[in-house]
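Note that the numbering runs from 1 along the sequence shown for the chain.
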Amino acid sequence: MTESPRLCLVEDDAIMRASLCQRFKLESIDCDCFIHAGEAVDALGRRDYAALISDIRLPDLSGEELYARLLESGQLPPPTIFITGYGTIDQAVRLLKLGASDYITKPFDLDDLLLKLREVSPSLFEDMHEGSAELGVSPIMRQLKNTLDRLAAHRVDLLITGESGVGKEYAARYFAGRCDQGSGQPFIAINCAALPEDLLEAELFGHVRGAFTGATKSRRGMFEQASGGVLFLDEVGETSPRMQAKLLRTIQERVVQPIGSEEHIPVDVRLVYATNRDLKAMVDRGEFREDLYFRINVAHVHIPPLRERKEDILWLTHRIVEDYFHEHKVRRLILPLTERYLEAQPWPGNLRELANAVERACILSPQEVLGPREFGASGEEPLLSAGQLSLKEAMEHYEARLLRETLEHHEWRIVETAQSLGISRKNLWEKMKRHGISQKD
C-alpha cells in the first residue's frame, strides 16, 4: 500500500511547533515533528518525506549544517523551506544556492507558509485519504466513492442502479471525471426513455445524408461523439427489444453503423448505464435481453435512497444553500429545528426532491433564516418553542454547522473553504478555534 506523503518539521520553539502542527493537521497534512536537527537527519534517512521545513537556529545543529549533512550522505533532500530571522537571511540565501527551495522570515503568516509549501510540494495537498465527502458523508456513500475510484482505474463499463432522483447521473459524472483525470475527454449523456425509438437510434448511432426524411446532412452519433471518453445511457431499462439488440452488438464489437450507411466505425468509449428498474426481474419476465444484461452488469454499484442515508440530508442541504449564496449573493440560514425537520422527512423523490425544496425555500422566503414552515411544515408549529435555543445560540449553532460542512465539502482545505465562505483565512482560523472545530473531532 502506498504511503501518504508526509512532512518533516524541525522546530525547537514549543509554541511555534504546536501552532504549526495544529495547522498542518487542519490541512490534512501528515507531519512528523522534531526538536533537534540530529533526530530529523536520522528520520530523513529512514523514510522519504514530501517536504522539509526547518528553523535555521536549532539546539544542536544549525539548519545549514542539517542540510549539509543530508547532502554529504548522498541522499537528495526533499523540497526544503527554512524558517529564518532577519539576522540569518544571508545564511538562507546560501542554502538556496545549495538547493533549498525557499525560506520564510519571522514573524510570518501561516497562510504564507502554506502557499510556499504548496508550491514546492503539491503532493502534500492532494486528497490522499479515502472516504472523502464528494458524493455524501454517510458511510455507504463514502464507500461508493471509493468503489468508483477503484473502478475508474480499470477499463470496465459501469451499471448504476437506484431509485429515481438518487443522483445516478451525478455519480456517473464523478466516475467519468476519475476516468478523465483532467485530460478533457468528453462526457455525453442521453436519457433513453425520453426519445422515440427511431430518434434514439439516430442520436446514438448517427446517420448519413438522405437516410430518412429530413436527414439533409450526415451526423455523427453519440457513440462517435463520446469516443475517447464516457457515454452515459440513462434509463437503459426502458429501451425496446430492437434497440437492445443494436446496443448489444455495439457493446460487444465496439463499432457503430450509422443509419443508411454500410460503413462500420470503431469507437473507443467507456459506457455507464443507469436504471431505476430491476433488470434481473425484467430478464425473468422476458422484458430485457439476458445477454445484454450480462454485458452491462460487469461492474455494478447501487445508490440507496435518501431515507436510508439520513446523514447526507443536511450535508446536501447546506451544499445547496451554499450554491444559492454563490449564485445570488443572498445568504440563507438553516435553523437547528429546521435541520431536525428535514432529517425526519421521507423524501420519496430523493435528492431531486430535496434540491427542489431547498431552492424553493431559498427563493420564496422573505427572511434570511429558514424555518420548518418554509419547507411545508404546519403553520401551527412554532419556529422555536420554549426551552429550545435562543436566537443567538441558534446562530452560533448554525455557524459551527456551516463551517464544518463547508470544510468537509472542500476536504478541509483552509484556503478553498475561506474563499467559499467569503471570509479571510485568518477569520476562518479564529472561528474554528472558537467553535473547537478540528478535522478529527
Side-chain angles (χ1 to χ4, degrees), residues 1-5 122-123 125-162 166-192 204-205 221-237 239 244 246-256 265-280 283 288-304 309 411:
M1 182 177 178
T2 304
E3 290 186 345
S4 298
S123 65
F125 295 84
E126 294 175 359
D127 179 20
M128 301 300 293
H129 305 283
E130 288 192 343
S132 56
E134 300 239 11
L135 301 176
V137 295
S138 62
I140 195 167
M141 293 305 288
R142 290 181 183 272
Q143 181 57 48
L144 174 66
K145 174 195 173 295
N146 294 337
T147 299
L148 293 177
D149 289 343
R150 291 194 296 271
L151 291 174
H154 300 276
R155 191 69 183 182
V156 295
D157 294 341
L158 175 66
L159 172 63
I160 305 175
T161 59
V166 294
K168 296 188 288 295
E169 182 170 347
Y170 188 85
R173 289 183 180 277
Y174 174 81
F175 173 75
R178 297 299 293 171
C179 297
D180 184 1
Q181 294 294 333
S183 61
Q185 297 171 344
F187 175 88
I188 295 180
I190 185 169
N191 187 330
C192 298
L204 287 175
F205 305 110
M222 289 187 171
F223 273 97
E224 278 191 81
Q225 295 175 43
S227 193
V230 174
L231 176 60
F232 177 54
L233 301 176
D234 197 9
E235 302 300 347
V236 69
T239 53
Q244 291 172 27
K246 292 208 66 171
L247 283 174
L248 177 63
R249 182 182 179 188
T250 302
I251 294 167
Q252 288 181 153
E253 301 177 6
R254 285 305 200 261
V255 295
V256 294
I265 303 171
V267 290
D268 175 25
V269 62
R270 295 184 72 165
L271 296 169
V272 180
Y273 318 91
T275 182
N276 59 10
R277 303 187 66 181
D278 184 344
L279 293 183
K280 181 62 171 63
V283 170
F288 198 84
R289 292 182 64 114
E290 185 176 41
D291 48 5
L292 178 58
Y293 173 70
F294 289 137
R295 276 289 177 181
I296 70 176
N297 192 33
V298 177
H300 173 210
V301 296
H302 179 74
I303 304 179
R309 46 186 177 100
E411 308 296 340

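The minimum heavy-atom distance linking Val156 with Ala299 is given by the pair CG2-CB, 4.2 Å. Scanning all heavy atoms of the two residues, the minimum distance from Ala176 to Phe187 falls at CB-CD1, 3.4 Å. Nearest heavy atom pair, residue Ile140 against residue Pro304, reads CD1-CG, 3.7 Å. Here the closest heavy-atom approach between residue Gln185 and residue Cys179 is recorded as OE1-O, 4.2 Å. Closest heavy-atom contact between Pro186 and Gly228: CD-C, 4.3 Å.
One distance of note links CG of Leu292 with CG of Leu248; it measures 5.5 Å at 0.5 Å rounding. A distance of 5.0 Å separates CZ of Phe223 from OG1 of Thr250, quoted to the nearest 0.5 Å. Rounding to the nearest 0.5 Å gives a distance of 14.5 Å between OG of Ser227 and CE of Met222. To the nearest 0.5 angstrom, Ile160 atom CD1 is 6.5 Å from Leu148 atom CG.
For Ala226, the side-chain contact (heavy atoms from CB on, under 4.5 Å) test picks out Ile188, Leu231, Val269, with sequence neighbours left out. Legend: residues meeting salt bridge (Lys or Arg N to Asp or Glu O under 4.0 Å) with Asp157, ordered by chain and number and at least two apart, are Arg254. Residues that satisfy the salt bridge (Lys or Arg N to Asp or Glu O under 4.0 Å) test with Arg249, not counting sequence neighbours, are Glu253. Gln252 pairs by the side-chain hydrogen bond (donor to acceptor under 3.5 Å, both in side chains) definition with nothing, not counting sequence neighbours. Annotation: side-chain hydrogen bond (donor to acceptor under 3.5 Å, both in side chains) contacts of Asp149 (sequence neighbours excluded): Lys145, Tyr174, Arg178. Every residue was checked against the side-chain hydrogen bond (donor to acceptor under 3.5 Å, both in side chains) condition with Asp278, not counting sequence neighbours, and none meets it. For Phe232, there are no ring-ring contact (aromatic ring centres under 6.0 Å, His included) partners, not counting sequence neighbours. When the side-chain contact (heavy atoms from CB on, under 4.5 Å) test is applied to His300, the partners found at least two apart in sequence or on another chain are Leu159, Thr161, Asn297, His302. A search for side-chain hydrogen bond (donor to acceptor under 3.5 Å, both in side chains) contacts involving Ser138 returns Asp312, not counting sequence neighbours. Under the side-chain contact (heavy atoms from CB on, under 4.5 Å) criterion, Phe294 pairs with Glu290, not counting sequence neighbours. The side-chain contact (heavy atoms from CB on, under 4.5 Å) search around Thr239 returns Cys192, Leu200, Met243, Gln244, Leu247, Phe288, not counting sequence neighbours.
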| request: Kindly determine whether Ile296 and Leu279 satisfy side-chain contact (heavy atoms from CB on, under 4.5 Å), including the steps that lead there. | output: CA-CA 10 Å; Ile296 70 176; Leu279 293 183; 3.8 Å; yes
| message | The test is side-chain contact (heavy atoms from CB on, under 4.5 Å); show your working for Val166 and Arg309 and say whether it passes. | response | CA-CA 11 Å; Val166 294; Arg309 46 186 177 100; 4.3 Å; yes
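Applying the salt bridge (charged side-chain N to carboxylate O under 4.0 Å, His left out) test to residues at least two apart or on different chains, the pairs with a partner in residues 265-274 are Arg155-Asp268.
In this structure, Leu204 and Leu233 have side chains that are in contact, with non-hydrogen atoms separated by less than 4.5 Å. Using a 4.5 Å heavy-atom threshold, the side chains of Val301 and Leu151 count as touching. Taking the side chain as every heavy atom from C-beta outward, Lys168 and Asn276 approach each other to under 4.5 Å.
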